[in-house]
Amino acid sequence: FVPQYESGILNGWVHNVYLVPPFVREAIRPQHIQYLDGTRHSGPQSSRAGIADHLAGGPKSARDLARATCTDSQLLFRLLRVAVNAGVFRVSKGASDDGSPLFANNALSDLMRTDHPGALHHGLQTTGIDSVASWQHLAASLRSGTVPFQAAYGQSLWEHLAAHPDQDVTFTRAMAVSEGGPALSIASQLDCSEFGTLVDVGGASGSLLADLLERHPHLHGILFDLPQVCERSKEAWAAHKAHLLNRTRITGGSFMEADSIPAVQTDRPAYLLRFILHDWETSSALAILKNVRQAILTSRHPQEATLIIVDQVLKDDFRWELPYKLLMDINMWTSVGGQERTLSEWQALLAEAGFGQPVVKATQGYNSIIKAKLQGAL
Ligand SMILES: C[S@@+](CC[C@H](N)C(=O)[O-])C[C@H]1O[C@@H](n2cnc3c(N)ncnc32)[C@H](O)[C@@H]1O
């Protein structure tokens with residue numbers, strides 16, 4: 001409890017901002033969520049459920065919550081007091097036996113329940129993995145140039161996740177809900193009527209691909225990610241999305257290796273990279289795009305292929321940019337050595353990788369859909 005608590009105080013607010021859906025972001029001071037999330041990491045496995053889970057059945061006192069989460073009731077009370085003040089949780093009518101207040105979920109803390117469809121839960125746990133320790137190395141990285149996560153853990157986030165399957169599962173789940181709920185989902189904003197087969201490059205659990213396949217019955221899909229991620233996805237799809245498997249192939253590899261990304265043998269291929277390129281600095285992002293281009297060139301209809309990138313497009317004049325987007329840019333550096341990009345940076349990257357002028361559409365959320373064809377394709 002204590003280490004999480006301390007690091008939450010020191011570093012919480014910056015990285016937590018990106019985990020809070022846009023519609024609630026302004027309503028809270030997110031560092032308080034981090035504190036409370038910290039309570040989840042203490043105690044035996046059975047106490048991993050968050051405060052919001054324990055309140056799902058109705059209001060509880062700090063003492064009862066402390067008992068359920070194996071935490072110190074006085075400290076927990078003080079944290080809950082701050083949280084309520086910041087708009088997370090509420091105080092319910094009535095009082096407990098000893099006269100202390102009863103805490104209850106409100107709309108925001110409801111989002112922290114593990115069973116909530118737009119759950120922040122996994123994202124919040126992910127901060128425990130990839131951010132808290134990393135942010136402490138940010139200042140040093142200004143001089144050393146070492147990616148803060150690498151400095152903190154001695155390995156990249158991707159290596160760390162491969163070595164810690166439980167955290168990898170949490171990370172993948174966090175990705176699946178990272179848009180902040182169905183209303184903001186890319187699936188609802190990406191028209192796939194013009195595509196025959198869509199390759200989700202670095203598609204994690206394939207939740208976006210599955211959503212797109214459900215919405216577009218004509219569409220075929222290929223889910224591509226690291227081998228260990230794909231192994232889990234195969235099991236999950238067999239259990240929960242079996243009805244889509246006749247239109248889907250799940251195949252592991254590395255987008256860093258030439259010839260690893262699958263080619264498409266049907267017409268109108270699309271290659272989707274959502275939240276991929278912002279994970280990488282320019283030379284690696286360029287290598288990935290060139291490998292995608294190679295996959296397109298070995299497909300049967302390269303001229304029909306569409307590259308779709310979903311990521312942020314930063315304003316050239318950063319004074320008018322939303323703080324969240326600029327914080328996300330720093331978060332990309334601290335966790336994976338990546339960056340967000342302006343339109344001119346996207347244009348330069350795509351041109352160098354052999355793609356034509358991109359068409360950019362802003363989405364309801366913070367991200368844009370960037371589409372491009374091969375250079376010279378109609
Ligand atoms: C930030 S996540 C984005 C996941 C997904 N596209 C989404 O939007 O939810 C980055 C993904 O890239 C995958 N990845 C990292 N390195 C990779 C590599 N060398 N080859 C293929 N996938 C990789 C990770 O496993 C992870 O699923």
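Both counts, for ligands and for their atoms, begin at 1 and track the order of listing. Side-chain atoms are counted along with the backbone in the values below, which use heavy atoms only and exclude waters and symmetry mates.
Between His160 and Phe149, the ring planes lie perpendicular to each other; the angle is over 60°, past the 30° to 60° tilted range.
Close approach of ligand 1 to Val229 is summarised as follows: ligand atoms under 4.0 Å from at least one heavy atom of the residue are 25 (O). Near Arg274, the atoms of ligand 1 lying under 4.0 angstrom from a non-hydrogen atom of the residue are 3 (C), 5 (C), 6 (N), 7 (C), 8 (O), 9 (O). Per-residue contacts place Ala204 under 4.0 angstrom from the following atoms of ligand 1 (heavy atoms of the residue considered): 4 (C), 27 (O).
In terms of polar-atom proximity, defined here as any N/O pair under 3.5 Å, Asp200 makes no such contact with ligand 1. Residue Asp225 has at least one nitrogen or oxygen atom sitting less than 3.5 Å from a nitrogen or oxygen atom of ligand 1, judged on distance alone. Below 3.5 Å of separation, one finds no N or O of Val201 facing any N or O of ligand 1. Considering backbone and side-chain N/O of Phe255, one or more are found under 3.5 Å from N/O of ligand 1. Geometrically, ligand 1 and His278 share no nitrogen or oxygen pair separated by less than 3.5 Å.
In this view, Glu194 and Lys371 satisfy the salt bridge (Lys or Arg N to Asp or Glu O under 4.0 Å) rule, not counting sequence neighbours. Under the ring pair (Phe, Tyr, Trp, His ring centres under 6.0 Å) criterion, His301 pairs with no residue, sequence neighbours left out.
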- request: Show your reasoning for whether salt bridge (Lys or Arg N to Asp or Glu O under 4.0 Å) applies to Arg232 and Glu235.
  value: CA-CA 5 Å; Arg232 280 200 311 274; Glu235 284 173 30; over 6 Å; no

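No side-chain N or O of Ser344 forms a donor-acceptor pair with one of Gln347 less than 3.5 Å apart. Neither side chain, Ser260 nor Ser254, offers a donor N or O lying under 3.5 Å from an acceptor on the other. Side chain to side chain, Lys315 and Thr342 fail the donor-acceptor criterion of an N or O pair below 3.5 Å. Side-chain N/O atoms of Ser368 and Trp346 include no donor and acceptor closer than 3.5 Å.
Contacts between Leu226 and ligand 1, counted as non-hydrogen atom pairs separated by less than 4.0 Å, involve both the backbone and the side chain. Residue contacts with ligand 1, taken as heavy atom pairs separated by less than 4.0 Å, involve Trp158 solely via side-chain atoms from C-beta onward. Residue-level proximity to ligand 1 for Ile276 is carried by the side chain, the only part with a heavy atom below 4.0 angstrom.
Under a 4.0 angstrom heavy-atom cut-off, Gly253 registers as being in contact with ligand 1. Asp279 counts as a contact of ligand 1, since one of its heavy atoms falls under 4.0 Å from the ligand.
Under the side chain to side chain contact (heavy atoms under 4.5 Å, CB included) test applied with Phe255, the options Leu273, Asp225, Ile261, Leu289 reduce to a single match, Ile261.
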